[in-house]
Amino acid sequence: QNGVMSGLMQMLLLKVSAHITEQLGMAPGGEFREAFKEASKVPFCKFHLGDRPIPVTFKRAIAALSFWQKVKLAWGLCFLSDPISKDDVEKCKQKDLLEQMMAEMIGEFPDLHRTIVSERDIYLTYMLKQAAKQIELPRASETEPRKYIPAVVVGVVGMGHVPGIEKNWNSDLNIQEIMSVPPPSASSKIFKFVMKATVFGLMGYGCYRIGQRTVRFILSMPAAQSYLQKLTEIRSQ
């Protein structure tokens with residue numbers, strides 16, 4: 001539904017999620033599930049999914065990477081097998097260590113960091129600011145002055161997004177640009193064509209070999225040989 005590369009990337013990230021779940025005994029995103037459970041207990045509480053849609057993020061991330069960067073990233077995700085302990089998770093809560101990890105990611109995949117982290121910082125900040133707008137109280141008549149009360153908002157975000165949200169909070173944000181999906185590059189079109197040609201070529205070759213073996217098997221059967229012999233005699237007569 002979202003394209004070949006985007007689908008492959010989602011499959012690889014599901015593999016990473018399964019690896020983390022196996023190592024820690026809990027699935028990533030548990031904080032968001034808990035937030036939903038707690039919000040459902042509060043009367044008149046509105047629960048809002050404030051992150052950018054995954055297909056948009058994936059497509060923008062894939063479009064930002066070069067062919068070799070895609071191969072390198074996919075290779076790293078395919079063979080991810082490093083052990084993860086709960087102590088490692090606790091270390092990630094330390095601000096200095098988290099910033100160091102983010103800096104390493106920027107150094108290796110700067111375009112990926114921009115689309116997956118920086119752009120989502122802007123989107124999350126925008127959505128939080130929308131949710132934090134004052135609430136207008138209902139009026140008995142048009143002549144009655146407008147009254148507002150402050151909104152009470154609890155935002156649950158990943159720790160890696162907190163510095164970006166703080167940085168963007170007082171900025172005038174526009175999310176239209178980061179919601180657009182760029183057209184596929186020439187290299188991605190060529191790669192897609194090569195992938196399709198390879199798949200269909202292998203399927204065609206497989207069908208040819210299977211058909212060839214099937215014909216040979218049928219012809220090697222005594223009944224088939226007897227029928228062919230009779231047919232040859234009839235044609236000769």
Side-chain angles (χ1 to χ4, degrees), residues 1-3 5-6 9-10 13 16-17 28-40 42 44-66 69-70 73 92-139 145-185 188:
Q1 290 179 353
N2 299 320
M5 291 301 298
S6 183
M9 189 63 68
Q10 288 193 47
L13 291 177
V16 174
S17 177
E31 65 272 32
F32 303 113
R33 284 185 283 273
E34 287 299 318
F36 176 75
K37 290 178 184 177
E38 293 301 317
S40 62
V42 181
F44 308 108
C45 179
K46 293 181 181 179
F47 183 82
H48 182 65
L49 298 172
D51 203 350
R52 185 170 63 178
I54 291 176
V56 176
T57 299
F58 275 164
K59 287 180 180 179
R60 286 185 64 84
I62 290 167
L65 295 175
S66 66
Q69 283 179 322
K70 292 173 187 174
L73 179 64
C92 289
K93 294 179 182 179
Q94 300 174 19
K95 187 176 179 181
D96 295 340
L97 184 60
L98 187 65
E99 288 178 354
Q100 181 184 341
M101 291 170 63
M102 298 296 279
E104 290 175 0
M105 181 181 175
I106 294 171
E108 195 166 4
F109 297 102
D111 294 324
L112 193 66
H113 180 274
R114 174 176 55 80
T115 53
I116 291 183
V117 180
S118 301
E119 288 183 0
R120 285 172 61 223
D121 288 345
I122 295 171
Y123 190 90
L124 290 166
T125 307
Y126 179 85
M127 299 305 288
L128 281 168
K129 290 179 75 172
Q130 292 297 309
K133 286 184 175 180
Q134 289 187 326
I135 302 170
E136 183 180 353
L137 295 175
R139 294 183 295 168
R146 298 178 185 271
K147 294 181 180 179
Y148 299 88
I149 59 171
V152 179
V153 180
V154 177
V156 182
V157 299
M159 285 189 67
H161 291 291
V162 174
I165 291 172
E166 292 176 348
K167 176 185 175 183
N168 292 307
W169 188 259
N170 293 318
S171 303
D172 187 18
L173 304 173
N174 182 8
I175 62 170
Q176 296 302 319
E177 183 181 349
I178 61 173
M179 288 300 292
S180 62
V181 178
S185 62
S188 64

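The analysis underlying the following values was restricted to heavy atoms, covering all of them including side chains, and did not include hydrogens, waters or symmetry mates. Residue numbers count from 1 along this sequence.
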All side chain to side chain contact (heavy atoms under 4.5 Å, CB included) counterparts of Asp121, not counting sequence neighbours:
Val117, His161, Asn168
Take atom CG in Leu49; do more than 12 heavy atoms of anything else shown fall under 6.0 Å from it?
no
Enclosure of Tyr123 OH (heavy-atom neighbours >12, cutoff 6.0 Å):
yes
Mind listing the closest non-hydrogen atom pair of Pro53 and Met179 along with its distance?
CD-CE, 4.0 Å
Can you name the side chain to side chain contact (heavy atoms under 4.5 Å, CB included) partners of Val162, sequence neighbours left out?
Val157, Glu166
With sequence neighbours left out, the residues meeting side-chain hydrogen bond (donor to acceptor under 3.5 Å, both in side chains) with Thr57 are Arg52
Sorted by chain and residue number, the ring pair (Phe, Tyr, Trp, His ring centres under 6.0 Å) partners of Phe32 (sequence neighbours excluded) come out as none
Heavy-atom closest contact (Thr125 atom, Ile165 atom, distance)
OG1-CA, 3.3 Å
For Gly160 and Pro163 the tightest heavy-atom approach is O-CD, 3.8 Å
Any chance CZ of Phe36 has more than 12 other-residue heavy atoms, nucleotides or ligands included, within less than 6.0 Å?
no
Minimal heavy-atom distance between Ala64 and Asp111, with the atoms involved, is O-OD2, 3.4 Å
Can you run down the side-chain hydrogen bond (donor to acceptor under 3.5 Å, both in side chains) pairs that involve residues 169-183, sequence neighbours left out, and say none if there aren't any?
none
With sequence neighbours excluded, what pairs up with Lys147 under the side-chain hydrogen bond (donor to acceptor under 3.5 Å, both in side chains) test?
none
Can you name the side chain to side chain contact (heavy atoms under 4.5 Å, CB included) partners of Ala151, sequence neighbours left out?
Ile135, Val153
To the nearest 0.5 Å, tell me how far Tyr126 OH sits from Ile175 CD1.
5.0 Å
Enumerate the residue pairs fulfilling side-chain hydrogen bond (donor to acceptor under 3.5 Å, both in side chains) with a member in residues 29-40, sequence neighbours excluded, ordered by first and then second residue.
Glu38-Lys41
Excluding sequence neighbours, so at least two apart, what forms side-chain hydrogen bond (donor to acceptor under 3.5 Å, both in side chains) with Glu136?
Arg146
So, using side-chain hydrogen bond (donor to acceptor under 3.5 Å, both in side chains) as the criterion, who are the partners of Asp51 when residues are at least two apart?
Arg120
Considering all heavy atoms of both residues, which atom of Phe47 and which atom of Ala39 are nearest to each other, and what is their separation?
CD1-CB, 3.9 Å
